[in-house]
Amino acid sequence: MAKLQPRAWQRMLSGRRLDLLDPSPLDIEIEDIAHGLARVARWNGQTKGEHAFSVAQHCVLVERITADLNPRLTRDVRLMALLHDAQEYVIGDLISPFKVAIGIDYKALELKLQSAIHIRFGLPPKASVALTTLFKKADLIAAYFEATQLAGFEPAVARRFFGIPPKTLRTPRLVPLATGEAQAQFLQRFQRLAA
């Protein structure tokens with residue numbers, strides 16, 4: 001009897017089958033992304049509040065911070081900022097220390113999925129170095145606010161890991177939402193940027 005190959009695809013609620021090793025843009029739906037991201041907890045769920053702070057909320061926060069850092073960005077660039085962690089709808093939000101510990105080229109898998117997502121929504125497969133740097137800066141600022149408001153970090157410790165947010169940025173008030181609300185918030189933001 002021939003040995004079956006291990007399954008490397010994920011079935012989505014839309015009915016799509018996304019091959020994680022060879023993702024096709026045709027198998028990606030924004031509703032699946034929003035649904036998945038709203039159910040993936042940032043900080044491994046170690047946050048204050050009745051609900052987890054989801055990756056969907058984090059993505060909306062990063063897009064807003066990106067726009068605050070550079071108000072003249074195009075809608076496409078802001079859409080890329082919103083989708084910066086979209087691949088986590090199928091692979092989860094692994095904390096950085098765990099990515100190092102598992103030892104595979106996890107970044108290559110993330111980038112392959114991210115490229116398929118970008119193509120699906122008419123974006124360049126890969127963000128430029130300048131945009132990647134901008135998104136990373138916004139991501140670290142978001143992490144600082146999440147760490148200090150939700151994850152119990154002292155400001156001095158958060159500054160050491162994530163840097164100091166620019167004083168010109170307004171401080172967001174972060175409130176973890178129920179999954180349905182987080183999903184709706186993400187979809188609403190996507191629809192506004194993709195219109």
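When reading the values below, keep in mind they use all heavy atoms of this one structure, side chains included, and skip hydrogens, waters and symmetry mates. Note that this is a predicted model, so its numbers are computed, not measured.
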Participant: I need the minimum non-hydrogen distance between F121 and L83, along with the two atoms involved.
Facilitator: CD1-CD1, 4.0 Å

Participant: Is there a continuous path of hydrophobic side-chain contacts, each under 4.5 Å between heavy atoms, that joins L187 to M80?
Facilitator: yes

Participant: Got a sec, which residues hit side chain to side chain contact (heavy atoms under 4.5 Å, CB included) with A156, two or more places apart in sequence or on another chain?
Facilitator: R159

Participant: Step by step, would you call R17 with Q10 a side chain to side chain contact (heavy atoms under 4.5 Å, CB included)?
Facilitator: CA-CA 6 Å; R17 286 185 181 186; Q10 166 73 46; over 6 Å; no

Participant: Where do S24 and A116 come nearest, in terms of heavy atoms and distance?
Facilitator: C-CB, 4.4 Å

Participant: Given side chains that start at C-beta, do those of D85 and Q87 come closer than 4.5 Å, heavy atoms only?
Facilitator: yes

Participant: Please tabulate, one pair per line, all N/O donor-acceptor pairs under 3.5 Å involving side-chain atoms of residues 64-74, not counting sequence neighbours.
Facilitator:
from	atom 1	to	atom 2	distance (Å)
T66	OG1	V62	O	2.8
N70	OD1	R72	N	3.3
T74	OG1	V77	N	3.2

Participant: Cut-off 3.5 Å, no hydrogens considered: what does the side-chain donor-acceptor table look like for residues 125-137, sequence neighbours left out?
Facilitator:
from	atom 1	to	atom 2	distance (Å)
S128	OG	L131	N	3.1
T132	OG1	S128	O	2.9
T133	OG1	V129	O	2.8

Participant: I need the L123 CG to Q114 CD distance, nearest 0.5 Å.
Facilitator: 10.0 Å

Participant: Report whether F162 and V157 are members of the same hydrophobic cluster (ILVMFWY, side-chain heavy atoms less than 4.5 Å apart, transitive linking).
Facilitator: yes

Participant: Just verifying a value: how many Å separate Q57 CD and T47 OG1, rounded to the nearest 0.5 Å?
Facilitator: 9.0 Å

Participant: Do R75 side-chain atoms and R192 backbone N/O form a donor-acceptor pair below 3.5 Å?
Facilitator: yes

Participant: Report, one line per pair, each donor and acceptor closer than 3.5 Å where one atom sits in a side chain of residues 170-182; sequence neighbours left out.
Facilitator:
none

Participant: Calculate, to the nearest 0.5 Å, the distance between atoms CH2 and CZ belonging to W9 and R16 respectively.
Facilitator: 14.0 Å

Participant: How close do C59 and L82 get, heavy atom to heavy atom, and via which atoms?
Facilitator: CB-O, 3.1 Å

Participant: For the atom pair CE (M12) and CD (E31), what is the distance rounded to the nearest 0.5 Å?
Facilitator: 13.0 Å

Participant: If you compare all heavy atoms of L37 against all heavy atoms of Y89, which two are closest, and at what distance to 0.1 Å?
Facilitator: CD2-N, 3.4 Å

Participant: In a table with atom names and distances, give each donor-acceptor pair under 3.5 Å that connects a side chain of residues 138-146 to protein atoms at least two apart or in another chain.
Facilitator:
from	atom 1	to	atom 2	distance (Å)
D139	OD1	H58	NE2	2.7
D139	OD1	H84	NE2	3.3
E146	OE1	R42	NE	2.8
E146	OE1	R42	NH2	2.8
E146	OE1	W43	NE1	3.0
E146	OE2	H58	ND1	2.7

Participant: Calculate, to the nearest 0.5 Å, the distance between atoms CG and CD1 belonging to L20 and I91 respectively.
Facilitator: 8.0 Å

Participant: Does the side chain of E154 reach to within under 4.5 Å of the side chain of R160, using non-hydrogen atoms?
Facilitator: no

Participant: Is there a path from L111 to I119 through hydrophobic residues (I, L, V, M, F, W, Y) whose side chains come within less than 4.5 Å of each other?
Facilitator: no

Participant: What is the minimum heavy-atom distance between F186 and A56, and which atoms define it?
Facilitator: CD1-O, 3.9 Å

Participant: Nearest 0.5 Å, what's the CG-CG distance between D76 and L79?
Facilitator: 6.5 Å

Participant: Excluding sequence neighbours, so at least two apart, what forms side chain to side chain contact (heavy atoms under 4.5 Å, CB included) with R120?
Facilitator: P25, I28, E29

Participant: Any donor-acceptor pair under 3.5 Å linking the side chain of D19 with the backbone of L21?
Facilitator: yes

